[in-house]
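This report refers to the structure that appears directly beneath it.
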Amino acid sequence: MGATRVAAPFPSGSVITYPYLWRWQREEGRFNAPKDRPTCLAITIPDQAQGLTHLVLLAISGTPPGDGQAALEIPVLELRRAGLSTFKRGWITISEYNYDVAERSFHFDPNQTARGSFGPGFMNQIRTAIRPLFTAAQDRIDRTL
């Protein structure tokens, strides 16, 4: 008997298109994002036993972070690697994240082509920056509901 194939063909660091739901939108009672945006698959966690892939998604924007948001500015080289060369400047939000399960998602498209991906060095910076989100168990917008 072979291993269960999970639906997420993207490794951590991939930049995809996803209808990211901002925390302020969830606080307003919204469950659907108004548009798709570039999003980084910061962490993908395969659960072979259940045949599921857990996703931690971070929003990418060409606009600097607003009040109450924290973001890392994306270096020019990383913008190119990620397929975001049309951005003059870019930021990846590190003060909140969307959580989804690839195989059960109404939002994640496993058949899309990734725009690109961030390099290992920048991904290490991102993971270090988001670690407090998991420690504090906050700022998770659950898209599985």
Side-chain angles (χ1 to χ4, degrees), residues 2-26 30-48 50-145:
T4 303
R5 185 180 176 277
V6 294
F10 307 106
S12 295
S14 296
V15 175
I16 61 165
T17 300
Y18 182 83
Y20 187 89
L21 188 67
W22 295 98
R23 178 179 51 223
W24 66 266
Q25 292 170 326
R26 177 52 66 101
R30 298 187 201 179
F31 290 94
N32 294 307
K35 68 175 189 172
D36 289 349
R37 69 178 321 96
T39 306
C40 176
L41 282 168
I43 303 172
T44 57
I45 305 167
D47 180 342
Q48 298 295 335
Q50 294 186 24
L52 300 175
T53 309
H54 302 270
L55 309 173
V56 173
L57 302 117
L58 301 175
I60 297 170
S61 178
T63 305
D67 292 341
Q69 287 183 318
L72 295 176
E73 186 163 7
I74 303 168
V76 173
L77 174 61
E78 295 298 335
L79 286 171
R80 284 196 302 257
R81 285 181 177 162
L84 301 169
S85 57
T86 58
F87 282 42
K88 290 182 181 177
R89 295 175 73 188
W91 289 265
I92 185 162
T93 301
I94 56 168
S95 52
E96 63 179 75
Y97 67 97
N98 279 195
Y99 164 76
D100 210 341
V101 176
E103 294 77 10
R104 296 180 179 168
S105 180
F106 294 105
H107 312 288
F108 175 75
D109 177 6
N111 298 312
Q112 69 179 292
T113 300
R115 291 170 169 252
S117 62
F118 291 128
F122 190 56
M123 281 307 301
N124 285 338
Q125 290 178 36
I126 292 168
R127 287 189 196 105
T128 298
I130 64 173
R131 189 170 292 128
L133 292 177
F134 304 110
T135 307
Q138 63 186 20
D139 298 313
R140 167 176 147 161
I141 295 97
D142 191 336
R143 301 303 305 277
T144 63
L145 305 173

**Item:** Evaluation steps, side-chain contact (heavy atoms from CB on, under 4.5 Å), between Q69 and W91
**Value:** CA-CA 11 Å; Q69 287 183 318; W91 289 265; over 6 Å; no
**Prompt:** Once you round to the nearest 0.5 Å, how far does CD1 of I74 lie from CD1 of I60?
**Reply:** 5.0 Å
**Message:** Please report the interatomic distance CG(D36) to OG1(T17), rounded to the nearest 0.5 Å.
**Reply:** 6.5 Å
**Request:** For R104, look at atom CZ and say whether over 12 heavy atoms of other residues, nucleotides or ligands are found less than 6.0 Å away.
**Result:** no
**Complete:** Paired with Y99, the side chain to side chain donor-acceptor pair (under 3.5 Å) test is passed by just one of H54, R143, R140, namely H54
**Prompt:** How long is the span from the CG atom in L72 to the OG1 atom in T128, to the nearest 0.5 Å?
**Reply:** 9.5 Å
**Prompt:** Which of parallel (below 30°), tilted (30 to 60°) and perpendicular (above 60°) describes H107 and Y18?
**Reply:** perpendicular
**Item:** Where A42 and S12 come nearest, the two heavy atoms and their spacing
**Value:** O-CB, 3.6 Å
**Prompt:** For L21 and E96, which heavy atoms make the closest approach, and how far apart are they?
**Reply:** O-OE2, 4.1 Å
**Asked** Does a side-chain heavy-atom distance below 4.5 Å link D100 with N98?
**Response** no
**Interatomic spacing from CD1 in I126 to CD in E78 - rounded to 0.5 Å** = 7.5 Å
**Fill in**
In terms of heavy-atom contacts, R115 and A82 come closest through CB-O, 3.3 Å
**Asked** Hey, does the side chain of R26 reach the backbone of R30 with a donor-acceptor pair shorter than 3.5 angstrom?
**Response** yes
**Message:** Are the side chains of I130 and I43 in contact, using a 4.5 Å heavy-atom criterion?
**Reply:** yes
**Request:** Carefully, step by step, assess F106 and F31 under the rule side-chain contact (heavy atoms from CB on, under 4.5 Å).
**Result:** CA-CA 11 Å; F106 294 105; F31 290 94; over 6 Å; no
**Asked** If every non-hydrogen atom of L57 is compared with every non-hydrogen atom of Y20, which pair is closest and at what distance?
**Response** O-CE1, 3.5 Å
**Prompt:** Between P75 and E73, which heavy-atom pair has the shortest distance, and what is it?
**Reply:** CD-O, 3.5 Å
**Message:** Keeping Q112 on the side-chain end and I16 on the backbone end, is there a donor-acceptor pair under 3.5 Å?
**Reply:** no
**Message:** Do T93 and L58 make a side-chain contact, defined as non-hydrogen atoms from C-beta onward lying under 4.5 Å apart?
**Reply:** no
**Complete:** The reported gap from CG in L84 to CZ in R89 (rounded to nearest 0.5 angstrom) is 15.0 Å
**Message:** To the nearest 0.5 Å, what is the distance between CE on M123 and CG on L41?
**Reply:** 8.5 Å
**Request:** Taking the side chain as every heavy atom from C-beta outward, state whether R81 and F122 have any pair of such atoms under 4.5 Å apart.
**Result:** no
**Item:** S95 to R23 - nearest heavy-atom pair and separation
**Value:** O-NH1, 3.3 Å
**Prompt:** Would you say Q25's side chain and N32's backbone share a donor-acceptor pair under 3.5 angstrom?
**Reply:** no
**Asked** Hey, are the side chains of L133 and Y97 touching, using non-hydrogen atoms and a 4.5 Å cut-off?
**Response** yes
